[in-house]
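Input: a single structure, listed below in structure tokens.
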Amino acid sequence: MKLADLLKDSSYKLSQFTPTEIEQLEQAITLKKTKNGEAPYTICLVRKKEIKLTPEEAIRQLYLRVLSDRLNYPLSRIQVEYGVNFGRLESLGVNLIR
């Protein structure tokens, strides 16, 4: 499956990623049968578990590759979908945190 097909109905763009980064993620995509047909899945680089590849998740996985491969940041120091409290405010979800 091509990421461009997955992102076609969203506002996300692939212009900030290299062709190699895009190809690496595309090669890691598997299709699973669901009630509504087939859905793309991949293994999260940080969580090390299979996740459904939504447009938002595809961009998150690409940014994880940028942090790890381009900037040499260790994946062990990154968390995704992490709750953060700001004083008395409710917990807010954060996509990437280091």
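Counting from 1, the numbers follow the sequence of the chain as shown. When reading the values below, keep in mind they use all heavy atoms of this one structure, side chains included, and skip hydrogens, waters and symmetry mates.
Here the shortest heavy-atom pairing between Cys44 and Val80 reads SG-CG2, 4.5 Å. Closest non-hydrogen pair, Ile78 versus Leu64, comes out as CG2-CD2, 3.8 Å. For the pair Thr42 and Ala28, the tightest heavy-atom approach, listed with the atom from each and the gap, is OG1-O, 3.3 Å. Pro40 and Leu6 get closest at one heavy-atom pair: CG-CD1, 4.0 Å.
Rounding to the nearest 0.5 Å gives a distance of 13.0 Å between CD1 of Ile29 and OH of Tyr41. Distance CD1/Ile59 to CG/Leu14: 5.5 Å, rounded to 0.5 Å. The structure places CG of Leu62 at 10.0 Å from CD of Glu57, a figure rounded to the nearest 0.5 Å. Rounding to the nearest 0.5 Å places CG of Leu53 at 11.0 Å from CD1 of Ile43. A distance of 10.5 Å separates CG of Asn72 from CG of Leu67, quoted to the nearest 0.5 Å.
Within a 6.0 Å sphere centred on NZ of Lys49, other residues, nucleotides and ligands contribute 12 heavy atoms or fewer.
For Ser68 (side chain) and Arg65 (main-chain N/O), no donor-acceptor pair under 3.5 Å exists by modelled atom type. A donor-acceptor pair under 3.5 Å links the side-chain atoms of Gln61 to the main chain of Leu45, judged by distance alone.
Sorted by first then second residue, the salt bridge (Lys or Arg N to Asp or Glu O under 4.0 Å) pairs that include residues 21-31, not counting sequence neighbours, are Lys2-Glu26, Glu21-Arg70. The side-chain hydrogen bond (donor to acceptor under 3.5 Å, both in side chains) contacts involving residues 31-40 comprise Lys32-Glu50, where partners must be two or more places apart or lie in separate chains. Residue pairs meeting the ring pair (Phe, Tyr, Trp, His ring centres under 6.0 Å) criterion with at least one member in residues 14-35, sequence neighbours excluded, are Phe17-Tyr63. Residue pairs satisfying the salt bridge (Lys or Arg N to Asp or Glu O under 4.0 Å) criterion with at least one member in residues 5-15, sequence neighbours excluded, are absent.
With sequence neighbours left out, Ser76 forms a side-chain contact (heavy atoms from CB on, under 4.5 Å) with Pro74.
Side-chain atoms of Arg60 and Glu81, non-hydrogen and from C-beta on, do get closer than 4.5 Å to each other.
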